[in-house]
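We count residues from 1, following the sequence as given.
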Amino acid sequence: MFLAEANEKIQYISSIDDIIIDFFNKNLGIFGNILLGLICIILACILSGIIGFERESRGHAAGFRTHILVSAGSALIMYLSIYGFSYELFPNHDPARLAAQVVTGIGFLGAGAIMKTGIDIKGLTTATTLWIVMAIGLACGSGKFIIAILSTIIVLIVLKSLRKFEKRAQAKNPQISMICDNTFTIKILKDAALKYNVTIKTISTTICTYNGADAVSVHVVLINAKRDVVNLFGEELRLNAKPYEIKY
């Protein structure tokens, strides 16, 4: 019974898309297919633009325009894959071939969004959103408008709402923040961690200024370290790193 109901719901979602596609292809004459392609690309731009705006507002390198262009390009390629090749001239035409190339190619663009600065790795979430807007673009280009819209809503929920849970989980791990001069090295952190058997989860470093001089802002997140051990670890850093400021 459950599978039958699920199949009916899937068919219902598909039928909405089919009604839209049939309306343009069968009722609007020679311009219907052109309008359908335009709608596919515009919808891909709108949905990916919403996700890209969220990334842009967070100051990430791949933002509003990048997400729109990735999704619009994916929609165009998918649309051409379906309608750009006549089955009379190309009887063995497979619409999935170009889509598969898009899925493979987007990996190179996503890799470009991942940046390694020192020991920090940033951009993994942005690379993932580029991948998902590619998928949304393919869905729009293939005429699966409903699932493309639902996917965008789910992505926004993940990016917006789940960030709060992520921060709560991170807050349970002890954190140390300090500002040091340019002579600071990661070896100081490693030596202190080995001395007190502390596991470091993440280390974030940022170039900054302190009293007009160049400095390094260091943020360290530890994993399940007891308060007395954190205090000893912090004092070790205070002694060896000689920070201008330190909080733990």
Side-chain angles (χ1 to χ4, degrees), residues 51-52 54-63 66-67 103-104 106-134 154-248:
I51 298 174
E54 194 279 340
R55 293 285 87 192
E56 186 84 32
S57 63
R58 297 285 172 181
H60 296 280
T66 305
H67 283 75
V103 174
T104 303
I106 196 63
F108 294 97
L109 186 59
I114 301 174
M115 297 173 289
K116 188 175 186 299
T117 56
I119 60 171
D120 305 332
I121 298 178
K122 299 180 180 179
L124 289 173
T125 302
T126 301
T128 307
T129 56
L130 287 173
W131 184 81
I132 193 66
V133 296
M134 172 273 300
I154 293 173
V155 170
L156 287 177
I157 292 174
V158 171
L159 291 175
K160 291 287 187 180
S161 301
L162 297 187
R163 184 180 289 110
K164 297 179 181 179
F165 294 98
E166 186 179 30
K167 289 183 178 180
R168 289 180 182 178
Q170 292 177 351
K172 296 182 179 180
N173 295 321
Q175 303 180 32
I176 297 176
S177 298
M178 58 184 179
I179 299 178
C180 307
D181 59 22
N182 290 331
T183 61
F184 171 80
T185 62
I186 301 302
K187 186 177 183 301
I188 297 175
L189 286 173
K190 291 182 178 179
D191 292 342
L194 289 174
K195 182 175 181 179
Y196 294 102
N197 195 25
V198 171
T199 302
I200 298 177
K201 181 181 180 182
T202 60
I203 304 173
S204 301
T205 57
T206 307
I207 302 299
C208 63
T209 57
Y210 185 85
N211 291 336
D214 293 337
V216 180
S217 176
V218 184
H219 184 76
V220 184
V221 179
L222 308 178
I223 298 179
N224 297 327
K226 296 181 179 179
R227 175 46 54 183
D228 56 343
V229 176
V230 174
N231 292 336
L232 292 173
F233 183 75
E235 289 301 319
E236 185 75 13
L237 294 178
R238 189 190 299 275
L239 178 65
N240 294 326
K242 297 180 174 57
Y244 300 129
E245 294 181 4
I246 184 170
K247 297 179 182 179
Y248 52 88

Measure across Leu189 and Met178 and return the closest heavy-atom pair with its distance rounded to 0.1 Å.
CD2-CE, 4.1 Å
Between the CG atom in Asn231 and the OH atom in Tyr196, the distance rounded to the nearest 0.5 Å is 10.5 Å
Tyr244 vs Tyr210, ring pair (Phe, Tyr, Trp, His ring centres under 6.0 Å): CA-CA, chis, key distance, verdict
CA-CA 8 Å; Tyr244 300 129; Tyr210 185 85; 4.8 Å; yes
Among Val218, Ile200, Val221, Ile246, find the one that has a side chain to side chain contact (heavy atoms under 4.5 Å, CB included) with Ile176.
Ile246
Inter-residue atom distance Phe184.CZ - Thr205.OG1, 0.5 Å rounding
8.0 Å
Quick test of your reading: applying salt bridge (Lys or Arg N to Asp or Glu O under 4.0 Å), list the pairs with at least one residue in residues 180-197, sequence neighbours left out, ordered by first then second residue.
Lys187-Asp191, Lys195-Glu236
Using 0.5 Å steps for rounding, measure from the NE2 atom of His67 to the CD atom of Glu54.
8.5 Å
Working to the nearest 0.5 Å, report the span between OG1 of Thr206 and CD1 of Ile179.
10.0 Å
Let's go through Glu235 and Tyr248 carefully: what are the C-alpha distance in whole Å and the side-chain angles of both, what is the deciding distance for side-chain hydrogen bond (donor to acceptor under 3.5 Å, both in side chains) to 0.1 Å, and is it a yes or a no?
CA-CA 10 Å; Glu235 289 301 319; Tyr248 52 88; 2.4 Å; yes
Say you draw a straight line from CG of Leu159 to CD1 of Ile154; how long is it, rounded to the nearest 0.5 Å?
12.0 Å
Flag if over 12 foreign heavy atoms under 6.0 Å of CG, Asn197
no
Euclidean distance, Lys247 NZ relative to Ser177 OG, rounded to 0.5 Å:
7.5 Å
Between Ile106 and Leu130, what is the shortest heavy-atom contact and its length?
CG1-O, 4.1 Å
Set of salt bridge (charged side-chain N to carboxylate O under 4.0 Å, His left out) partners for Glu245, sequence neighbours left out:
none
Could you note down all residue pairs passing salt bridge (Lys or Arg N to Asp or Glu O under 4.0 Å) where residues 211-232 supplies at least one of them, sequence neighbours left out?
none
Would Val216 and Asn182 count as a side-chain contact (heavy atoms from CB on, under 4.5 Å) if you check the C-alpha gap in whole Å, the side-chain angles of each, and the deciding distance to 0.1 Å?
CA-CA 6 Å; Val216 180; Asn182 290 331; 3.9 Å; yes
Determine the minimum heavy-atom distance between Lys201 and Ile223, stating which atoms define it.
CB-CG1, 3.4 Å
Closest non-hydrogen atom pair, Cys208 against Ser217
SG-N, 3.7 Å
Counting C-beta onward and ignoring hydrogens, is there a side-chain heavy-atom pair between Met134 and Val103 closer than 4.5 Å?
yes
